[in-house]
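Each chain gets a letter, A, B and so on, in the order its sequence line appears, and its residues count up from 1. Predicted model, so just to flag it, every value in this text is computed and none were measured. Below, all heavy atoms of this structure are taken into account, side chains as well, without hydrogens, waters or symmetry copies.
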Amino acid sequence: MNYWLVKSEPEAYSWADFLRDDGTAWTGVRNYQARNNLNLMQPGDQVLFYHSVSEKAVVGLAEVAAPAAPDATAEAGSPWVAVALRPVGPLARPVALAALKADARLAELALLRQSRLSVLPVRPDEFDLIMALGAA
DNA sequence: GCCAACGTTGGC
DNA sequence: GCCAACGTTGGC
């Protein structure tokens, strides 16, 4: 079991949209490093859902429903892939970026080190801590 | 709205 | 193969 974090601008595709759709194909990733992370995802992996830009908080938990497959929104023959994600549930309390930065135990969190990457790995200890911070 | 970080493109 | 120019992302 591995842990990940995906980012979405809520104005483009929000957690509420994700719940409404009861999951979605995570298409549109056009960065090789992010793609490599998508390729490493396995069904059942847990995925933190992060709202970037306007909210800057982890808002929910998703899981991988299907592994990487060619991204249907990309040109045929292109290297881009998508995984299927399904919602697990919202965090009782969103965990703000500021809270992540404030916790010394998250100093190595990939999100903080590579703020522009949209699909990031999360260590098990980091995942547990973020889930604890997001619990009621 | 600005700017830093960083990936990509294209000229040489 | 290098590097300047440029575009995009995302925090502030």
The side chain of [X] is closest to which nucleotide in this list: [options]?
X: A/E9; options: B/dT8, C/dG10, B/dG7; result: C/dG10
X: A/V53; options: B/dG7, C/dG10, C/dC12; result: C/dG10
X: A/R116; options: C/dT8, C/dG11, C/dG10; result: C/dT8
X: A/Y32; options: B/dT8, B/dG7, C/dG10; result: B/dT8
X: A/K101; options: C/dT8, B/dG7, C/dG11; result: C/dG11
X: A/K7; options: C/dC12, C/dG10, C/dT8; result: C/dG10

Using whole Å, what does the distance between atom [atom2] of nucleotide [N] and atom [atom1] of [X] come to?
X: A/E55; N: C/dT9; atom1: CD; atom2: P; answer: 19 Å
X: A/N31; N: B/dT9; atom1: CG; atom2: P; answer: 12 Å
X: A/L117; N: B/dC6; atom1: CG; atom2: C1'; answer: 11 Å
X: A/L100; N: C/dG11; atom1: CG; atom2: P; answer: 11 Å
X: A/K56; N: C/dT9; atom1: NZ; atom2: C1'; answer: 13 Å
X: A/Q114; N: B/dG7; atom1: CD; atom2: P; answer: 7 Å
X: A/R35; N: B/dG7; atom1: CZ; atom2: C1'; answer: 14 Å
X: A/R30; N: B/dT9; atom1: CZ; atom2: P; answer: 13 Å

Closest contact, heavy atoms only, A/N37 versus A/P121: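 For A/N37 and A/P121, the tightest heavy-atom pair comes out as ND2-CD, 3.8 Å.
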Polar contact flag, side-chain donor to acceptor under 3.5 angstrom, A/W4-A/D45: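 A/D45 and A/W4 do have a side-chain donor-acceptor pair below 3.5 Å.
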Electrostatic pair A/R113:A/E108 at N-O distance under 4.0 angstrom: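 Judged by the 4.0 Å cut-off on N to carboxylate O distance, A/R113 and A/E108 do not form a salt bridge.
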Exceeds 12 heavy-atom contacts within 6.0 angstrom, atom CZ of A/R123: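 Buried by this count: over 12 neighbours within 6.0 Å.
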Parallel, tilted or perpendicular: rings of A/W26 and A/Y13 (30°, 60°):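 The rings of A/Y13 and A/W26 stand perpendicular, inter-plane angle above 60°.
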